[in-house]
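Here's the structure we're looking at; comments come further down.
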Amino acid sequence: MLIRSKAQIIRDEFVTHGLLIFFSLIMVFPVALSLMTSFKTKTDVMILPPRFFPPQWTIEGYLKVFQSDLIPIYMPNSAINAFVSTIITVIFAAFAAYGFSRFKFKGSRALQLGILGLMMIPGVTNLVSYYRLGSQLGILSTHLIMVLVYTGFELPFGLLILKNFFDAIPIDLEEAAKIDGCNSVRVLWHVLIPLSLPGLFVAFLLILVYTWNEFLFAVTLLSANSARTAMVGLYDFQTSFEVAYHALSAASIIVLLPILLVFILGRKTFFRAMMEGALKG
Amino acid sequence: MGWLDILNIFQEENEMKKICILMVLTILLLMPLMVFATGNTEEPEVMGPVTLWSEVNIKAPQTNLDKNFAKAVAGIEEAMGTELIVVTTPYKEIDGKVNLAVQAGGDVPDVAQIKVSKLAFHIDNGTLMDISKYVEASPWYAGINKTALDAGRGPDGKIYAVPFNTRSTLTYSYTAAFPDGPPLTTADVLAAGPALKAKGIFAITGKASEAQGVQVWWWPLINTFGGHFADSQGKITWANDATVKAIEFTQELISKGYAPEVILSPGFDDEIPFMNGDVGAFNAGSWSYVWLNPLKAPSGVTYDNKSASVEEAIKGGDLVLSPQISAPGSKPVTPLDGISWAIPVGSKNVKGAQAYIDFMMQAQVDTDVAYAWGGVPTIDAGKKDPRYADSVYWSKVVEFMSAYAKPMEPIVNYDEAMLKFADISTDLVHNPDKDIMAVLKQAQDEINAR
Amino acid sequence: MKVSNTFMNRRNFFWLISPSILFLLIIQVYPAIYSWYLSFGRIKGGKYTFAGLKNFTRLLHNSDFYESLARTGIFTFSFLIACIGIGLILALLLNRCTKFTALYMTIIFVPMVLSEVVGGTMWRWMFQQSFGLVQAFLNPFINNVSILSRPWGAMAVVIAASVWKQLAFTALLFLGALQTVPKELFESAALDGATRSEMFWKITWVIIRPTVLLASIITTIRGINALGLILATTQGGPGSSTMTEAVFLYRTAWQFGKFGDAAALSVMMFLINITLGAVYIRLLKES
């Protein structure tokens with residue numbers, strides 16, 4: 001019964017949008033709560049009964065954050081670690097994914113599964129090795145070690161995503177190009193990359209989110225005040241003594257903004273890519 | 001794309017060439033990143049900079065702790081003759097990081113801020129240096145409180161850390177809820193329960209969950225009921241009648257509604273009902289005063305002066321301090337905790353670390369720093385400082401600490417044991433129909449077998 | 001030897017994958033082997049002493065190991081069902097939408113962009129016994145029982161928080177798959193007199209099944225290794241009630257400092273993961 005009466009259509013629209021609004025509110029509620037907390041005074045955070053809106057709007061939380069090193073030092077560190085490692089990961093993963101996608105050989109499946117299997121190793125286990133390695137090379141507390149670790153860690157995921165995207169790009173274009181006598185590099189540049197750009201962006205964004213938000217490796221492998229990342233820097237507002245909830249919320253919101261911005265700017269590309277049926281398994 | 005056309009000359013080779021070029025470019029790109037290297041790998045010729053891992057942030061002080069610490073160490077670099085690098089580390093991660101650094105054989109700080117309750121963890125894993133000889137020969141050795149120093153010893157009697165402040169537990173109670181005097185024993189608490197409940201107030205609250213709960217709630221109760229948590233070898237002995245009584249007491253508190261459920265919740269929510277005047281007594285730590293503001297007494301008066309609220313409440317007659325709740329007929333016992341300075345194994349600048357500790361253990365500095373961290377100085381002279389001697393709060397804390405506090409016995413697999421006990425105690429309180437002794441025995445055997 | 005009609009051949013392939021393989025060898029494979037080595041001994045004060053299979057036997061006698069295995073199962077299963085189920089519902093709803101689709105999707109995606117530490121803290125605050133808004137809201141219905149202080153409550157919150165964070169991913173994947181279903185199929189099925197649910201199962205489901213498989217695999221891996229969010233929300237729960245294998249591993253390595261035991265645990269975890277993964281894939285491929 002695909003033909004619905006006008007009344008039914010309106011009712012369906014109502015239900016659909018109603019449910020979607022409900023879900024959206026749930027998804028956004030904790031963030032909204034954090035946002036409200038960031039505008040409360042220190043004592044208002046814990047008044048009873050708990051209130052959603054600040055009884056008294058104030059920016060003292062934000063002022064505290066501005067007085068800390070979060071913006072001048074920690075966030076740029078996070079940015080460098082995140083962007084550099086994500087870009088390198090995407091490039092390497094793209095090469096490998098392209099290779100796996102186009103070149104079928106006997107052990108291909110096994111090798112791919114092996115690489116995927118690495119995703120199942122929790123990060124904690126590798127801490128000792130990383131610390132040792134970093135110490136011996138003298139690169140602890142530098143950007144270099146974070147980039148190395150993040151890249152190695154996210155490569156399997158990038159490979160998984162990008163291979164799916166490459167599989168979805170019909171091979172005919174490349175074949176045609178070769179028949180036409182096109183040089184391989186030109187094919188790559190003019191044909192393949194534009195087609196895979198959406199997929200590359202998806203991988204870029206997802207990996208960026210991970211590296212920006214990563215905590216465990218950042219807190220372990222970085223032991224210098226100038227190398228600290230934003231996530232670890234959130235602890236500036238929590239000592240064993242007092243937790244400045246309002247400042248912590250403010251800092252959380254501020255730390256969230258850059259990635260949110262990247263996402264909002266690229267959302268059309270991102271959604272189109274995810275939905276162009278490319279990721280179908 | 002002009003330059004690509006040039007490469008047209010080569011056929012299949014460009015694919016590889018381009019990739020090779022890209023790889024080389026990437027590596028070249030990584031080189032400048034090494035410029036950002038800020039690892040502390042300098043080798044000290046005479047005495048290089050001293051690296052400290054601590055939760056304070058003196059570069060951009062945020063909290064009062066930061067500011068007070070910064071003030072206290074104002075002259076340290078001159079006194080030591082070298083730079084002090086304070087690496088701000090989240091307090092929950094310091095121990096893990098130090099342990100990792102030592103086990104991995106990597107970069108280790110010269111000196112670290114270690115909580116006394118975590119010393120068992122470090123000693124078990126061999127991360128701290130034995131500094132007995134240094135301590136006994138140091139200029140401040142004569143002036144340090146020997147019980148406090150014992151807290152820094154391992155089961156072998158050697159000194160692994162120098163506690164610079166100590167903390168213990170005690171009881172806060174509202175005079176409005178306990179007009180005849182503060183509750184001193186478990187029986188007192190139970191007796192006062194019904195009347196308070198009628199008024200809509202709980203009798204007592206405190207942290208009884210997680211590892212800290214084991215330290216501040218269970219361990220004192222077990223000890224005053226006549227039992228021991230562990231024996232002198234560090235093996236667990238908690239499967240005894242005293243523990244059963246402690247658990248039954250807590251069960252009664254919850255089932256009869258004399259204590260809020262929140263005492264078994266993770267986190268520190270147990271303080272909040274007391275802050276709001278909904279509970280009569282609070283099984284507190286000597287550090288709790290920092291968190292208890294604003295303080296609303298059941299008498300109706302509110303004290304809202306940040307960490308001075310408790311002090312003012314005492315002066316105002318609304319709050320009274322008494323020793324840790326104990327079993328009837330028993331002397332109170334409270335665990336001695338605190339914070340210490342320790343030198344990890346592998347420290348490259350031991351002389352510097354010792355110079356740091358020498359500076360920090362000067363009477364005035366120790367007092368300032370101990371105060372900043374909400375504890376009692378371990379240098380006895382510090383207790384005469386007006387901040388302690390003239391304060392109604394601190395003078396009582398010092399009195400109780402000297403009389404009743406002792407370090408917990410060394411426990412093998414300390415963290416696992418604490419977590420295990422926290423688990424089973426919470427479970428037992430929530431499920432009164434379980435066989436207490438059986439559960440205790442099973443857990444005890446399991447931990448001892450590890 | 002088959003002549004490739006694209007530019008892909010053995011040599012190019014080698015060059016394409018070598019940077020990745022190099023990184024993986026250094027950053028993943030070498031530490032894994034070192035971990036294997038650690039699992040056979042104890043490391044104390046920086047010195048390693050060989051201990052054979054002691055870590056493994058100790059682990060297998062540890063009730064926490066089995067309990068956290070069970071918890072991991074419960075957590076991952078619920079996580080999976082919720083992510084797939086609710087994700088599918090969301091995708092279906094979004095698919096029927098004509099306006100505001102991008103807005104909804106953006107909002108639904110926000111939790112994913114948050115860090116686990118921040119997100120977990122937010123959920124912890126919501127359920128804070130005293131000043132948590134959701135706790136306060138629910139109090140009249142549940143007789144003031146603090147949700148986070150109960151094992152089942154803490155587990156529920158942790159699952160909810162994890163699903164909340166991951167939902168956008170599955171929803172978007174499914175939405176993409178749904179949009180590839182040609183409308184004509186529905187029309188001809190309607191003409192044939194098929195009911196709504198028949199149309200869903202026989203048409204939509206068949207087409208999106210591969211995507212569901214892919215989403216399930218990624219979600220399951222995420223679920224088994226979920227760590228940051230659980231730590232930030234409950235730190236393993238009241239006691240150990242939300243201690244999954246991943247949390248147990250973290251505790252052993254970080255809070256107990258026993259890297260040898262942790263290595264043994266991670267070896268066990270890896271083996272279990274791999275077995276489960278293989279079983280999973282085989283089952284789903286066959287059906």
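Labels below follow one simple rule: chain letters A, B, ... track the order of the sequence lines, proteins then strands, and each chain is numbered from 1. It should be emphasised that the depicted structure is a prediction, and the values quoted were computed from it without experimental measurement.
Under the side-chain contact (heavy atoms from CB on, under 4.5 Å) criterion, A:Ile87 pairs with A:Ile91, A:Phe204, not counting sequence neighbours.
B:Val87 and A:Ala224 get closest at one heavy-atom pair: CG1-N, 4.0 Å. Contact between B:Gly106 and A:Ser135 at its shortest, heavy atoms only, is CA-OG, 2.9 Å.
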Let me see the working for A:Val232 and B:Glu93 under side-chain contact (heavy atoms from CB on, under 4.5 Å), right down to the final yes or no. CA-CA 10 Å; A:Val232 181; B:Glu93 317 286 341; over 6 Å; no
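Heavy atoms of other residues, nucleotides or ligands lying less than 6.0 angstrom from CD1 of A:Ile59 number 12 at most.
Residue B:Val56 does not touch chain A at all, counting heavy-atom pairs closer than 4.5 Å. Heavy-atom distances place the side chain of A:Ile73, and not its backbone, under 4.5 Å from chain B. With a 4.5 angstrom heavy-atom cutoff, A:Phe237 touches chain B only via side-chain atoms. The contact between A:Leu222 and chain B is made entirely by backbone atoms, counting heavy-atom distances below 4.5 Å.
Ranked by non-hydrogen atom pairs under 4.5 Å with chain A, the options B:Pro294, B:Ala101, B:Ser307 are led by B:Ala101. Heavy-atom pairs under 4.5 Å with chain B were tallied for A:Lys64, A:Gln136, A:Lys42; the largest tally goes to A:Lys64. For chain A, the option among B:Asn276, B:Asn57, B:Asp304, B:Thr88 with the highest count of heavy-atom pairs below 4.5 Å is B:Thr88.
A:Tyr131 places none of its side-chain heavy atoms less than 4.5 Å from the side chain of B:Lys97. Counting only heavy atoms from C-beta outward, the side chains of B:Thr89 and A:Ser223 never approach each other to under 4.5 Å.
Under the 3.5 Å distance criterion, the side-chain polar atoms of B:Lys59 are left unmatched by any main-chain donor or acceptor of A:Asn225.
Atom CG of B:Asp107 and atom OG of A:Ser141 lie 7.5 Å apart (nearest 0.5 Å). Note that NZ of B:Lys92 is 4.0 Å distant from OH of A:Tyr235, once rounded to the nearest 0.5 Å.
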